[in-house]
Amino acid sequence: MINAVSRSGNLSPYLRGVSAVGSPKSITLSIPSSSTIVVDKKSEVFTSYSLSRILPTRDVKILSGPLASTQIRFAHTDLKVPDFSPYRRSAVQSPTADSQSSEESRKTFSYVIVGAGGVAGAYAAKTLVTQYITSMSASADVLAMAKIEVKLSDIPEGKSMTFKWRGKPLFIRHRTGEEISKERQTPVSELRDPERDEDRVQKAEWLVLIGVCTHLGCVPIANAGDYGGYYCPCHGSHYDNSGRIRKGPAPLNLEVPPYEFMDESTLVVG
């Protein structure tokens, strides 16, 4: 047995005055002839509020069996589906259009956007790295001291002069022809740190050295020692007129800095 029960209908006001007992054949109403029945016309006006009080508007349940229940809800079929046509490409707006026809153009656009973003990102990263490395480099005043310009005409032949370059003593020697000939005749096999004289100078008459002993960093004395070049009095290292170690504990020759001749009378070190 299936019972349909309306839980939302508010029909009790209309059923209060009706009662059925047994099966009456007729109902007789006794109304005095002198009475007048007045019907309020306002009650005949149907509004949304009056209809909501009468008609069933809530869920209707169908009961089947002692415990089982099934719920039926009202369907809302008047909802409008949003239209996204203004945001879609004209080539794919039609439901019957072939999406493959515009696939290549859409892929090309995506590739261009991704490629442009990659290039911009790489350029931004390169700029940041360059600025970071530049910030760690030496300032302009330090770079200005990194080079020294020497007038060669102030150095007489056979003499060695000392200058300051990057916080270190710089030896520049104007060698005589005899000194050049003597150093170039020295057998390389006799040297502790084998190096030819031609490889240590750009011009034969000018010898440029960093005046720091390769033993413990002392400053040698020019025009001294057993070979007439440089002598370190700290531990007795002797260098010749090419700055090569000839005697003593120093393991290496005196260092030759980077330099160049701007003209016949100007030398720039650094």
Side-chain angles (χ1 to χ4, degrees), residues 84 86-92 99-152 154-155 160-173 188 191-204 206-220 222 230 232 234 237 239 242-245 249-270:
F84 296 100
Y87 304 98
R88 300 178 63 188
R89 294 173 179 269
S90 58
V92 295
S99 60
Q100 298 294 332
S101 59
S102 61
E103 182 179 2
E104 295 300 328
S105 62
R106 285 181 282 136
K107 283 184 177 180
T108 303
F109 179 76
S110 301
Y111 294 156
V112 169
I113 293 299
V114 172
V119 171
Y123 181 78
K126 176 250 182 186
T127 303
L128 290 176
V129 172
T130 302
Q131 290 181 352
Y132 178 73
I133 294 176
T134 304
S135 65
M136 296 189 298
S137 62
S139 58
D141 55 343
V142 174
L143 292 176
M145 297 177 61
K147 291 186 177 183
I148 182 174
E149 186 174 313
V150 180
K151 270 190 170 184
L152 298 178
D154 296 338
I155 306 175
S160 177
M161 293 188 65
T162 304
F163 302 89
K164 186 178 181 180
W165 176 68
R166 295 183 181 180
K168 300 177 182 179
L170 178 69
F171 295 159
I172 300 180
R173 186 181 189 88
V188 179
L191 302 177
R192 180 179 302 171
D193 184 11
E195 194 173 5
R196 299 191 309 164
D197 179 73
E198 295 87 337
D199 298 333
R200 294 179 58 81
V201 294
Q202 296 184 17
K203 291 185 177 182
W206 296 106
L207 177 66
V208 182
L209 302 170
I210 294 178
V212 177
C213 181
T214 58
H215 180 220
L216 292 177
C218 302
V219 179
Y230 301 93
C232 180
C234 297
S237 295
Y239 301 89
S242 186
R244 298 174 295 188
I245 181 64
L252 301 173
N253 302 329
L254 294 178
E255 183 182 355
V256 178
Y259 65 93
E260 60 180 343
F261 292 92
M262 301 300 295
D263 50 47
E264 293 296 328
S265 61
T266 304
L267 173 68
V268 176
V269 181

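On a predicted model such as this, the values are computed, not experimentally measured, just so you know. FYI, the numbering just counts along the sequence from 1.
Under the 4.5 Å side-chain criterion, counting only non-hydrogen atoms from C-beta, Ser237 is not in contact with Pro220. For the pair Val212 and Pro169, the minimum side-chain heavy-atom distance is below 4.5 Å. Trp206 has its side chain out of reach of Leu267: every pair of non-hydrogen atoms, C-beta onward, lies at least 4.5 Å apart.
Across all their heavy atoms, Ala250 and Ile245 have their closest contact at O-CG1, 3.3 Å.
Annotation: the span from Leu170 atom CG to Tyr259 atom OH amounts to 10.5 Å, rounded to 0.5 Å. To the nearest 0.5 Å, atoms OG (Ser265) and CG (Asp263) are separated by 4.0 Å. Here CD1 of Ile172 is found 8.5 Å from CE of Met161. Values are rounded to the nearest 0.5 Å. Considering CD1 of Ile148 and CH2 of Trp165, their distance stands at 9.5 Å, rounded to 0.5 Å. To the nearest 0.5 Å, the span separating CG on Leu191 from CG on Asp193 amounts to 8.0 Å. For the atom pair CG of Leu216 and SG of Cys232, the computed distance is 8.0 Å after rounding to the nearest 0.5 Å.
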Test log, rule side-chain contact (heavy atoms from CB on, under 4.5 Å), inputs Leu209 and Tyr239: CA-CA 12 Å; Leu209 302 170; Tyr239 301 89; over 6 Å; no
From CA spacing to verdict: side-chain contact (heavy atoms from CB on, under 4.5 Å), Phe171, Phe163: CA-CA 7 Å; Phe171 295 159; Phe163 302 89; over 6 Å; no
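Using a distance-only test at 3.5 Å, with no hydrogens or angles considered, no donor-acceptor pair links the side chain of Thr266 to the main chain of Met262. With hydrogens and angles ignored, the 3.5 Å screen pairs no side-chain donor or acceptor of Arg192 with any backbone N or O of Leu252. Judged purely by atom type and a 3.5 angstrom limit, Arg200 uses its side chain to pair as donor or acceptor with the backbone of Leu254. Between the Tyr230 side chain and the Val219 main chain, no donor and acceptor come within less than 3.5 Å of each other. Looking only at distances, no side-chain donor or acceptor of Gln202 sits under 3.5 Å from a matching main-chain atom of Leu207.
Electrostatic pairing of Glu264 and Lys203 counts as a salt bridge here, judged by a charged N lying under 4.0 Å from a carboxylate O. Using a cut-off of 4.0 Å between Lys/Arg side-chain N and Asp/Glu carboxylate O, Arg196 and Asp199 are scored as salt-bridged.
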